[in-house]
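Notes for the one structure printed next.
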Amino acid sequence: MDAISDWRSAFPLQTARAASDALLEAWYDLASPPCSWFNEKTREPVLTKKLKTYVQRHVARQRGLLGMWAAENVIGELDTTTGRFDERRTDIVYGWNDEARGFELVFEFKRLGRQKRHRDHYLGERGLARFVTGGYSRGQAIAAMVGVLLAPARDVIPPLQAALADQRTATSLRLRRSSTDRPYTEPSTFSPNAMFDTEHDRDQDVAPPHGYITVAHFFVGFGSEGPSGPAVGMLG
């Protein structure tokens, strides 16, 4: 097999999926009961820091996940001539390795309501686009976007998928077409708890060996039923 066809067999997908399952379980534990310190009004960095602490201490170890969790992890580019440092921070990252393999699975959280500005932020240079340029997940094969739903899923996800189908968006995000000629793959091939995947070509210096990154798109809400009935993208 060539690199494009066999990369999934060489990548520790089971461990990466287990990490995403653990994070979703932690979200469900914190977001299901009414909570004054973990709700739709809580600032995003506070949500992700509390979520990272909870998943690390109360979920991951019990699931046998022994890798490293970090929130607001500093990454960036250092110009060794001038000393200039271009700093960025990932929301949550899970890092794992064994004797032969390793990965860093970045979870980028974005609030999503009905408004176009929410979709633009989710897809733009501070959201999904960072996985295309290599701002996030340099050299990695898998990453995750997590949409925090502020409205019913039926009012949020279809317009987001339609935005992905816009030619300008597809071009700027370097989207690869699915086997059904759509700009996303539904259901997700990474996790049954994700709604869909997108695949993005990357420049060689930031790409994994097979040349593109797969981003799984998860959607979560608040309350025992979430904003649209049963919680989207959660376990159970």
Practice task
Go through L30 and C35 one step at a time and tell me if the side chain to side chain contact (heavy atoms under 4.5 Å, CB included) criterion holds.
Solution key: CA-CA 8 Å; L30 293 176; C35 183; over 6 Å; no
Practice task
Please say which of T198, I157, V146 ends up in a side chain to side chain contact (heavy atoms under 4.5 Å, CB included) with H217.
Solution key: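 Answer after filtering T198, I157, V146: T198.
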Handout entry: Counterpart residues, side chain to side chain donor-acceptor pair (under 3.5 Å), relative to K50 (two or more places apart)
Key =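 So K50 forms no side chain to side chain donor-acceptor pair (under 3.5 Å) with any residue.
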Handout entry: Set of side chain to side chain donor-acceptor pair (under 3.5 Å) partners for N97, sequence neighbours left out
Key =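 For N97, no residue satisfies side chain to side chain donor-acceptor pair (under 3.5 Å) once neighbours in sequence are set aside.
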Using modelled atom types only, decide if a donor and an acceptor are shared between the side chain of [X] and the backbone of [Y] within a distance under 3.5 Å.
{"X": "T48", "Y": "E44", "answer": "yes"}
{"X": "D203", "Y": "D205", "answer": "no"}
{"X": "Y184", "Y": "Q161", "answer": "no"}
{"X": "H200", "Y": "V132", "answer": "no"}
{"X": "R174", "Y": "T133", "answer": "no"}

What distance do [X] atom [atom1] and [Y] atom [atom2] have between them, rounded to the nearest 0.5 Å?
{"X": "R119", "Y": "T169", "atom1": "CZ", "atom2": "OG1", "result": "10.5 Å"}
{"X": "I213", "Y": "R202", "atom1": "CD1", "atom2": "CZ", "result": "4.0 Å"}
{"X": "E108", "Y": "Y136", "atom1": "CD", "atom2": "OH", "result": "4.0 Å"}
{"X": "K49", "Y": "D91", "atom1": "NZ", "atom2": "CG", "result": "10.5 Å"}
{"X": "R177", "Y": "E199", "atom1": "CZ", "atom2": "CD", "result": "12.0 Å"}
{"X": "R43", "Y": "K41", "atom1": "CZ", "atom2": "NZ", "result": "15.5 Å"}

Crowding at [atom1], [X] (>12 non-hydrogen neighbours, <6.0 Å):
{"X": "R57", "atom1": "CZ", "value": "no"}
{"X": "R126", "atom1": "CZ", "value": "no"}
{"X": "Q14", "atom1": "CD", "value": "no"}

Side chain to side chain, [X] and [Y], heavy atoms closer than 4.5 Å:
{"X": "L123", "Y": "L164", "result": "yes"}
{"X": "V93", "Y": "Q140", "result": "no"}
{"X": "T15", "Y": "F103", "result": "yes"}
{"X": "F190", "Y": "I142", "result": "yes"}
{"X": "M195", "Y": "S188", "result": "no"}
{"X": "P208", "Y": "F11", "result": "no"}
{"X": "H118", "Y": "R114", "result": "no"}
{"X": "M145", "Y": "F131", "result": "yes"}

Problem - Validation row, ring centre W27 to ring centre F38 under 6.0 Å - result: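 Yes.
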Problem - same_hphob_cluster(W37, L51) at 4.5 Å side-chain heavy-atom cutoff - result: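 Cluster IDs for W37 and L51 match.
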Exercise for the section: State yes or no: do V206 and L175 share one hydrophobic cluster built from I, L, V, M, F, W and Y residues joined by side-chain heavy-atom distances below 4.5 Å, directly or via other members? Expected result: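 Looking at the clustering, L175 is in a separate group from V206.
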Handout entry: Trace of the salt bridge (Lys or Arg N to Asp or Glu O under 4.0 Å) decision for D120 with R117
Key = CA-CA 5 Å; D120 290 346; R117 62 184 175 85; over 6 Å; no
Handout entry: Non-hydrogen atoms of F218 and A144 that approach each other most closely
Key =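 Minimum heavy-atom contact is CE1-CB, 3.9 Å.
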Problem - Smallest separation among heavy atoms of S137 and A143, with atom names - result: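 For S137 and A143, the tightest heavy-atom pair comes out as OG-CB, 3.9 Å.
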Practice task
Assess the side chains of Q167 and T171: does a donor N or O sit below 3.5 Å from an acceptor N or O?
Solution key: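 Yes, side-chain donor-acceptor contact under 3.5 Å.
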Problem - D197 side chain to T189 side chain, donor-acceptor N/O pair below 3.5 angstrom - result: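 Distance-only check passes for D197 and T189.
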Exercise for the section: Check the angle between the aromatic planes of F107 and W69 and answer parallel, tilted or perpendicular using the 30° and 60° thresholds. Expected result: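 If you compare the ring of F107 with that of W69, the planes turn out parallel.
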Exercise for the section: Hey, can you tell me if H210 and W7 have their rings parallel, tilted or perpendicular (30° and 60° cut-offs)? Expected result: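 Because their plane-to-plane angle is under 30°, the rings of H210 and W7 count as parallel.
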Practice task
Please step through side chain to side chain contact (heavy atoms under 4.5 Å, CB included) for the pair Y54 and D29, ending with a clear verdict.
Solution key: CA-CA 9 Å; Y54 185 88; D29 286 352; 3.0 Å; yes
